[in-house]
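Structure record follows, encoded as structure tokens.
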Amino acid sequence: MLKKKICMVGDFSVGKTSLTQKFVNNVFSEKYLTTIGVKIDTAFINDTKLIVWDVAGRDSLSPINASYLVGANGIVLVCDGTRQSTVRDIKDIWQVVKERIGEVPTVVALNKADLEDWHIDAEQTAYFEEQGWQTFETSAKEGQNVKALFEALVSEIG
Amino acid sequence: MTQMDDHHQIDELREILNGANSSELAALKERIDNVESRTRDVAEVLAPAISKTDSDALVSSLKDPVSSSLKYAIRSEPEDYAEILYPVMAPAIRRAISQAIASLMVTINKTVESATSVSGIRTRIQSFRTGIPYAELALRQSLLYRVEHVYLIDRESGMQVSEVTSEQVEGLDGDAVSAMFSAIQSFVQDSFSRDRSAMLTDLKVGDHNVWVAHGPTLMLACVIQGNAPEALKGDLYDALYKIRTDYANEIASFDGNVERFEGVESYMHPLLQLRLKEGAEVKVGDDGEKTAKRRWPLVVAALIALGFIYVWFMQSSKISTVEYYLRQTPGIAATDVYWSDDRLVVEGLKDPDAKIPYGSFQAYGIQPEVLDFRTIPFRSLEVDMELQRFRNELTLPAGVYLSVRAEKIYLYGEAPITWLTENDARIRQLAADGRLTISALSASFESVSDVLRANFSERDLRTIRMSSAARTDATIVQIGGSLSPKNLTFISALFAGNRWVSVIANKAEVDTRNADGSLIQENADGSLNQENVEDPSS
């Protein structure tokens with residue numbers, strides 16, 4: 001059996017945990033996010049077992065705990081489609097990731113696609129295309145593109 | 001020179017060079033070209049060649065073809081291989097079953113013992129209150145420590161490489177748990193320690209401890225319930241060292257493919273230790289799946305054994321039932337009851353008049369066709385059998401009865417003189433043999449009167465008296481009275497040889513009996529009657 005470590009990273013409150021919950025087998029409660037800054041769940045894509053590290057969101061007071069990224073085989077960058085700042089912040093977050101673990105297969109989730117006040121356009125996501133990242137408009141609430149997001153990442157990891 | 005000349009010259013040159021060896025070369029060529037001779041050559045050198053070959057290389061190259069050949073052969077001729085393996089397997093299976101049964105008995109004894117003790121009852125209440133199974137609580141109470149899980153974890157990614165779990169413990173998602181260990185390690189390191197090389201080696205939560213042994217790239221974490229000795233840490237590092245040594249290549253190129261670490265569990269199983277408070281240590285290694293796989297032949301064998309035990313029990317039970325009912329049956333003495341070719345054989349003695357209690361057998365599911373009576377006929381002198389036999393043989397008339405008192409059979413009552421005369425010899429023979437008591441058997445006055453009436457006038461009849469008199473062996477009817485010599489002679493002739501009737505010539509003797517009230521009184525109508533006849537059945 002093949003196992004892969006996946007890290008979900010993004011700003012605070014972009015919906016990383018909700019997105020993860022749509023896809024995984026719950027093992028630990030969410031309180032770990034606030035205590036040690038990460039919560040771990042598992043899921044299967046075909047014969048590959050994903051160990052999904054839902055890393056607590058970044059905000060002005062607490063940076064991402066980059067230690068949790070070590071050894072990751074793939075990264076899901078999550079931003080909130082209703083908050084442009086979270087899209088811009090992806091660049092900074094990516095820098096942190098790259099410095100710590102180097103370039104690894106990455107996909108982007110533009111989350112909360114079910115909400116009406118969507119503020120993302122092609123110009124704002126141009127950076128993602130430059131990086132060669134597949135980008136998915138996702139909705140944790142409706143399950144839109146959630147599975148496709150993880151399948152694409154597993155496919156990239158190879 | 002032409003090309004043909006060239007070839008000719010070359011052949012000549014070859015002839016000169018080879019000279020006399022040319023025939024040997026031809027023979028060699030023939031030997032190489034001929035498949036049969038080549039096969040013979042190889043066969044000659046094969047055995048010595050194998051003995052001189054590097055054994056590891058030979059084993060390696062033969063492994064696959066031999067394995068395939070064996071699989072094919074076993075699949076195509078399973079019976080033959082089963083027969084070959086039977087002498088090896090059968091004792092092992094027998095031993096395994098006896099061990100399993102012995103272990104089961106110990107468990108049952110312990111359970112009964114603990115269930116009936118005060119602490120056992122307390123544990124049951126606690127189990128009911130907390131929802132934790134009784135067995136688990138009982139184990140915890142008698143437990144010094146138990147290693148419940150051992151995780152081999154890639155330090156960098158936190159990914160679980162392998163896991164073994166004690167079979168009594170519920171399995172967790174080892175990948176998530178391993179990752180969380182790793183996360184906690186990072187968290188503690190980042191939050192509280194400035195020394196990046198400092199490692200989290202101990203965790204304590206309630207009565208659970210987590211001990212972690214760290215290597216350069218792997219860590220070995222074990223979850224312990226209770227207080228384990230420090231020596232276990234040494235075991236942990238020893239196991240990690242062996243894994244690092246034996247899986248160095250796999251560790252160096254670890255990419256999440258855990259299948260490359262096949263067999264690593266064997267290094268971790270010895271760590272799954274369990275020590276009870278009494279001091280006896282039991283290794284309870286193996287993950288559930290492997291244990292289940294290894295145990296299924298035992299389970300099958302145990303089920304077969306239980307099946308045999310059940311059949312044996314049912315057959316023994318039927319033997320006991322048959323023996324019991326035959327013991328209660330008069331006229332049958334069973335010396336042996338056993339099963340033979342699906343038939344229940346009864347050996348012993350059987351009176352021809354004895355009745356086999358088929359009804360009782362059928363009530364216990366023993367059908368008559370299953371029973372095979374291999375008995376020798378005999379005459380049973382048991383009272384019940386004798387009674388039954390006499391009833392069949394003597395065809396008792398009205399007024400005559402058979403009864404049993406103190407293991408003796410009595411034939412009593414007043415019988416027609418004709419019946420007594422007919423059965424006289426048989427009855428007296430039985431009495432002489434002690435099989436029948438006839439002291440209270442006599443001829444009825446009425447039947448004797450009938451004989452007299454047929455031969456005497458009414459006037460003569462008035463002169464005749466009858467009485468009964470007890471003798472040592474039976475009761476007889478006495479005839480007397482004021483008889484004329486002629487009548488006396490006639491009556492004597494009439495009952496000559498009849499031992500049930502006696503004719504008395506002496507009037508005085510009869511009168512004497514008359515005086516003591518044992519005589520027949522004549523009625524007014526001339527009929528004869530009796531008084532004070534004893535009833536032996538009373």
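Source: prediction; values computed, not measured. Just so it is clear: chains get the letters A, B, ... in the order the sequence lines come, proteins before strands, and each one is counted from 1.
The 12-atom threshold is exceeded at CZ of B/Phe261, counting heavy atoms of other residues, nucleotides or ligands nearer than 6.0 Å. For A/Asp121, the CG atom is densely surrounded, since the number of other residues' heavy atoms within 6.0 Å is greater than 12. At most 12 non-hydrogen atoms from other residues, nucleotides or ligands lie less than 6.0 angstrom from NZ of A/Lys141. Remark: A/Glu123 CD is loosely packed, at most 12 non-hydrogen atoms of other residues, nucleotides or ligands lying under 6.0 Å away. By the 6.0 Å contact criterion, OH on B/Tyr241 is open, its count of non-hydrogen atoms from other residues, nucleotides or ligands being 12 or less. B/Asp202 CG: more than 12 foreign heavy atoms inside a 6.0 Å radius.
Sorted by first then second residue, the side-chain hydrogen bond (donor to acceptor under 3.5 Å, both in side chains) pairs that include residues 244-255 of chain B, not counting sequence neighbours, are B/Asp246-B/Tyr267, B/Ser253-B/Arg260.
A donor and an acceptor atom, one from each side chain of B/Asp175 and A/Thr42, are nowhere located under 3.5 Å apart.
For the pair B/Ser157 and A/Trp53, the tightest heavy-atom approach, listed with the atom from each and the gap, is O-CZ2, 3.5 Å. Residues A/Lys4 and B/Met159 come closest through the heavy atom pair N-SD, 3.8 Å.
Under a 4.0 Å N-O distance rule, the pair B/Asp173/A/Lys49 qualifies as a salt bridge.
B/Trp211 pairs by the ring-ring contact (aromatic ring centres under 6.0 Å, His included) definition with nothing, not counting sequence neighbours. Residues passing the ring-ring contact (aromatic ring centres under 6.0 Å, His included) test with A/Tyr127 are A/Trp133, sequence neighbours excluded.
The distance from atom OG of B/Ser178 to atom CD1 of A/Ile51, rounded to the nearest 0.5 Å, is 8.5 Å. A distance of 8.0 Å separates NZ of A/Lys5 from CD of B/Glu156, quoted to the nearest 0.5 Å.
Heavy-atom proximity under 4.5 angstrom to chain B picks out A/Tyr68, A/Val70, A/Gly71, A/Asn73 from residues 68-93 of chain A.
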